Number of protein chains: 2
Amino acid sequence: MSEEFTLVWRRLADQRRRQRPALSIDQIVRTAIQIADAEGVQALTMRRVATDLGSGTTSLYRYVTGKDELLELMVDAVHGELEVPEQPSEDWRVDLALIAHRQRAMALRHPWFATEVGSRPPIGPQALRWIEFALTAAGGVSRDITVASALLGAVNNYVLGAAVNELSEQEAQRRTGLTEDQWRAVVAPYIREVVIESGDFPEATRRIIDAVDLNHDEQFEIGLQCLLDGIAARVTGA
Amino acid sequence: MSEEFTLVWRRLADQRRRQRPALSIDQIVRTAIQIADAEGVQALTMRRVATDLGSGTTSLYRYVTGKDELLELMVDAVHGELEVPEQPSEDWRVDLALIAHRQRAMALRHPWFATEVGSRPPIGPQALRWIEFALTAAGGVSRDITVASALLGAVNNYVLGAAVNELSEQEAQRRTGLTEDQWRAVVAPYIREVVIESGDFPEATRRIIDAVDLNHDEQFEIGLQCLLDGIAARVTGA
DNA sequence: TACCTAGTGGGTACATTGTTCCCATCAAGG
DNA sequence: CCTTGATGGGAACAATGTACCCACTAGGTA
């Protein structure tokens, strides 16, 4: 693999037209995304994709070199859902918030995305399209592209981490095959005993008992506003 | 699985003493972590763990219900590396920074952690130990535990996302079996042609050509300080 | 028109994995 | 000494990714 390795995106470009193709890469990627969204990456098998497309399993290998490449294409494809405004507003803060919210929504729509992007740097055409817009928006923060890029990266980090954390419980349920109720019925007593009743974790106990339970949206918004505040301070200050 | 499902942590507790056990859960988990650290999760197979331990493959199932549970134990085990100070300092900002840095260092030491935690909420004993400290430190930010917890969560999001993003390139190399040099030799020309020479992505081009290349540490620090600034503003303001 | 060639679909088969089943072994208690 | 239950681990199976191979077909060529 190390010798003749080429990026998918290269091969997509000089893809000669095929004679009466029965499938298309787009179709395959779309089907794969549907499966992974609905049933988790663990349910994403080549046979399954083929079955859903009504084709033979190994026919897929005419379009995609393997499952790995399929996942790479999926990661880029969902970037295509990120709608890019014609131009950034005049308020960088509004723009960065919009970027954060759209990225988060996308990551939550595709629960496999946040983990899969962890080994697939998004450099496909759709990702580039989005990055270009994000950098344009970040240009409103600072004319210094180094600063702008670093701060955009910070927002990106926050959004991705928030998605990973938010999804972890849901994905744990999927992995174990438990419903949300069953999950709670297993975890709650454990937490009560080990955390609360043991007395070993007073702060965690306080957190569980006294804290208002913010939903994920509120929680996300608080952190995001903090980060944007910090960015604002750094920019106006310098 | 849905009927007789119990958390690992339960079973760890009422683990009856075994007669002349040849292995131990700790030993198995440690070995698994070593393999995953050195060669990636893809190299982590039950047979491999057994081989490294000089035992039969299926003997592992006397200690662990399956690979999934092993990964759960691994995720908790690495939390054990997070050294907890006897008590938080008087400066919450120092404490949160320390938390962020230690968590990041741990995530980078174990490249599989950030993605695996995405489907395994850390509720094991080692994770609880760390969370307790983190909440104590966050108590310095605000007496309101709801606020403190939300802001700590923001830091946590940022750190995790930073790790995922930072590791993505390295993990891509591992997945493709390319060295760092080979990887660059493949990606660089692609970026040059598609991003720079195409003229389609002026901001991205500016980013690549004009921006000073910050290393990951610097990049992390900038975002972290922004976030802490934002937290500080929110707390003193309110 | 007849034929050739390269691209295409897809079945078969194999290696690798997680995991279940089963049996031999062995420590400890009666 | 014998019984019992726990333990190590081999054999075997199901699921999966994928290489290999063959049949078929469209479109150009003689």
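These numbers come from a predicted model, not from an experiment. Quick note on labels: first sequence line is chain A, next is B, and so on, each numbered from 1.
Close to D/dG8, at under 4.0 Å from its OP1 or OP2, lies no side-chain N or O of B/S59. Within the 4.0 Å cut-off from OP1 or OP2 of D/dG8, at least one side-chain nitrogen or oxygen of B/Y63 is found.
Nearest nucleotide to the side chain of A/R62, out of C/dG9, C/dT17, C/dT12: C/dG9. The side chain of B/M46 sits closest to C/dG18 out of C/dT8, C/dG18, D/dC20.
Between B/Y61 atom OH and C/dC22 atom C1' there is a gap of 16 Å when expressed in whole angstrom units. The interatomic distance linking B/R175 (CZ) with D/dG17 (P) rounds to 15 Å, in whole Å. The distance between atom CG of A/L23 and atom C1' of C/dG7, rounded to the nearest whole Å, is 15 Å. Nucleotide D/dG9 holds its P atom 11 Å from the CD1 atom of B/I28, rounded to whole Å. Atom pair A/L71:CG and D/dG17:C1' shows a separation of 12 Å (rounding to whole Å applied). With rounding to whole Å, A/L44 atom CG is found 12 Å from D/dT16 atom C1'. Protein atom NZ of B/K67 is 17 Å distant from nucleotide atom C1' of C/dT20, rounded to whole Å. When rounded to the nearest whole Å, the span between CD of B/Q42 and P of D/dT16 equals 19 Å.
Residue contacts for A/L60: at a heavy-atom cut-off of 4.0 Å it reaches no nucleic acid atom on any strand shown. B/T58 comes within contact range of at least one nucleobase, with a heavy-atom separation under 4.0 Å. Within the 4.0 angstrom heavy-atom criterion, no nucleotide atom of any strand lies near B/L53.
Side-chain contact annotation: B/Q103 with B/W130, donor-acceptor N/O pair under 3.5 Å present. In the model, A/H110 has no side-chain atom that pairs as donor or acceptor with a side-chain atom of A/E116 under 3.5 Å. No side-chain N or O of A/E221 forms a donor-acceptor pair with one of A/H216 less than 3.5 Å apart. A side-chain N or O of B/T6 and one of B/R11 form a donor-acceptor pair less than 3.5 Å apart.
Taking CE of B/M46 as the reference point, atom OG1 of B/T57 lies at 8.5 Å (rounded to 0.5 Å).
Residue whose closest nucleotide on DNA chain D sits further toward the 5' end, between B/G56 and A/T57: B/G56.
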